Enquirer: 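The structure that follows is given in the form of structure tokens.
What you see is a predicted model, and the numbers here were worked out from it, not measured in a lab.
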Amino acid sequence: QVQLVESGGGLVQAGGSLRLSCAASGRASDYAMGWFRQVPGKERDFVGGISRAGTVRQYVDSVKGRFTISRDNAMNTLYLQMNSLKPEDTAVYYCAAANYIIATRPDEYVYWGQGTQVTVSS
């Protein structure tokens with residue numbers, strides 16, 4: 001059992017930065033981890049993922065060059081550094097854990113946090 005708690009969301013001006021954190025209880029290093037985001041009325045979309053050891057990363061095209069996913073397995077924490085934020089990045093951001101692989105589909109993830117709101121104003 002892994003429990004995940006996101007933090008670090010908030011309101012930021014376009015062009016600004018936020019760092020999201022996801023604190024895990026249980027051994028998160030057993031899992032690939034990912035960040036997803038969701039806006040009301042739409043599907044939960046993959047943002048970025050990272051392998052168990054943190055050596056392989058994958059991002060949705062819209063955030064490449066702006067967002068960086070990382071993990072600190074010793075601290076059992078996942079991060080999403082978000083730079084050059086745009087209004088279209090506004091969403092609830094969720095961290096999640098998947099078995100063994102970097103997965104891009106929500107149904108491939110087995111544990112989820114409750115989400116943290118990111119709002120980017122223009």
Side-chain angles (χ1 to χ4, degrees):
Q1 176 76 16
V2 174
Q3 296 185 35
L4 306 171
V5 179
E6 302 94 337
S7 62
L11 175 65
V12 65
Q13 292 278 342
S17 298
L18 286 172
R19 187 183 72 166
L20 305 183
S21 298
C22 175
S25 61
R27 194 162 182 264
S29 61
D30 285 346
Y31 301 89
M33 301 291 293
W35 287 98
F36 288 76
R37 62 188 181 187
Q38 188 171 25
V39 299
K42 293 194 174 183
E43 296 291 320
R44 189 169 297 185
D45 292 327
F46 176 78
V47 177
I50 189 167
S51 62
R52 294 162 71 188
T55 56
V56 180
R57 301 173 184 180
Q58 185 175 347
Y59 302 93
V60 67
D61 285 346
S62 61
V63 308
K64 287 181 180 177
R66 300 189 297 119
F67 291 10
T68 302
I69 190 170
S70 61
R71 67 191 300 165
D72 184 341
N73 284 342
M75 296 296 293
N76 226 22
T77 304
L78 176 74
Y79 300 98
L80 184 67
Q81 178 66 47
M82 305 185 294
N83 298 327
S84 301
L85 282 161
K86 303 175 180 179
E88 53 263 43
D89 295 317
T90 295
V92 176
Y93 283 71
Y94 299 88
C95 68
N99 289 312
Y100 298 109
I101 62 170
I102 295 178
T104 60
R105 299 174 181 175
D107 60 5
E108 295 177 305
Y109 286 78
V110 294
Y111 299 110
W112 292 86
Q114 292 183 292
T116 186
Q117 177 71 46
V118 172
T119 302
V120 184
S121 62
S122 60

Enquirer: Taking atom CZ of Arg71 and atom OG of Ser29, what is their separation to the nearest 0.5 Å?
Expert: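 If I round to the nearest 0.5 Å, the distance is 7.0 Å.
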Enquirer: How far apart are the closest heavy atoms of Tyr109 and Ala32, and which atoms are they?
Expert: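 The answer is CE2-O, 4.4 Å.
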Enquirer: Test: ring pair (Phe, Tyr, Trp, His ring centres under 6.0 Å). Region: residues 68-98. Which pairs qualify, not counting sequence neighbours?
Expert: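 Pairs touching residues 68-98 that pass the test: none.
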Enquirer: Of all residues at least two apart in sequence or in a different chain, which pass the side-chain hydrogen bond (donor to acceptor under 3.5 Å, both in side chains) check with Ser17?
Expert: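 With neighbours one apart ignored, the set is Asn83.
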Enquirer: Do the non-hydrogen side-chain atoms of Ile69 and Leu78 ever get within less than 4.5 Å of each other?
Expert: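 Side-chain contact under 4.5 Å: yes.
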Enquirer: Applying the side-chain contact (heavy atoms from CB on, under 4.5 Å) test to Leu18, which of Leu80, Leu11, Leu85 qualifies?
Expert: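 So the option named by the test is Leu85.
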Enquirer: Is the shortest heavy-atom distance from the side chain of Leu4 to the side chain of Met33 under 4.5 Å?
Expert: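 Sidechains of Met33 and Leu4: in contact.
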Enquirer: Is there side-chain contact between Glu6 and Leu20, with heavy atoms separated by less than 4.5 Å?
Expert: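 No, side chains not in contact.
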Enquirer: Suppose the criterion is salt bridge (charged side-chain N to carboxylate O under 4.0 Å, His left out): which pairs have a residue in residues 98-121, not counting sequence neighbours?
Expert: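 Every candidate salt bridge (charged side-chain N to carboxylate O under 4.0 Å, His left out) pair involving residues 98-121 fails, so no pair, neighbours aside, qualifies.
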Enquirer: Around atom CD of Gln3, are there more than 12 heavy atoms of other residues, nucleotides or ligands at under 6.0 Å?
Expert: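 No.
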Enquirer: Hey, is the main chain of Val39 close enough, under 3.5 Å, to the side chain of Asp45 for a donor-acceptor pair?
Expert: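 Not a single qualifying donor-acceptor pair exists.
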Enquirer: What pairs of residues pass the ring pair (Phe, Tyr, Trp, His ring centres under 6.0 Å) test when at least one of them lies in residues 37-63, not counting sequence neighbours?
Expert: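 Matches after skipping sequence neighbours: Phe36-Phe46.
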Enquirer: Under 3.5 Å, which donor-acceptor pairs link side chains of residues 111-122 to any protein atom two or more places apart or in another chain?
Expert:
{"residue": "Thr116", "atom": "OG1", "partner": "Gly9", "partner atom": "N", "Å": "3.2"}
{"residue": "Gln117", "atom": "NE2", "partner": "Ala91", "partner atom": "O", "Å": "3.4"}
{"residue": "Gln117", "atom": "NE2", "partner": "Thr119", "partner atom": "OG1", "Å": "3.3"}

Enquirer: Donor-acceptor check, side chain of Asn73 to backbone of Ala53, threshold 3.5 angstrom: yes or no?
Expert: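 No, Asn73 side chain to Ala53 backbone: no donor-acceptor pair under 3.5 Å.
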Enquirer: Please check if the side chain of Asn76 supplies one atom and the backbone of Ala24 the other of a donor-acceptor pair under 3.5 Å.
Expert: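 Yes, because the side chain of Asn76 sits within donor-acceptor range (under 3.5 Å) of the backbone of Ala24.
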Enquirer: So, using side-chain hydrogen bond (donor to acceptor under 3.5 Å, both in side chains) as the criterion, who are the partners of Asp89 when residues are at least two apart?
Expert: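 So Asp89 forms a side-chain hydrogen bond (donor to acceptor under 3.5 Å, both in side chains) with Arg37, Arg66.
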Enquirer: If you take all heavy atoms of Ser70 and Arg57, which pair is closest and at what distance?
Expert: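 Closest approach of Ser70 to Arg57, heavy atoms only: CB-NH2, 4.2 Å.
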Enquirer: If you measure from OG on Ser62 to NZ on Lys86, what distance do you get to the nearest 0.5 Å?
Expert: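 Interatomic distance, Ser62 OG to Lys86 NZ, rounded to 0.5 Å: 8.0 Å.
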Enquirer: Let me check something: do Trp35 and Ile50 share a hydrophobic cluster, defined by ILVMFWY side-chain heavy atoms less than 4.5 Å apart, either directly or through other members?
Expert: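 Hydrophobic grouping puts Trp35 with Ile50.
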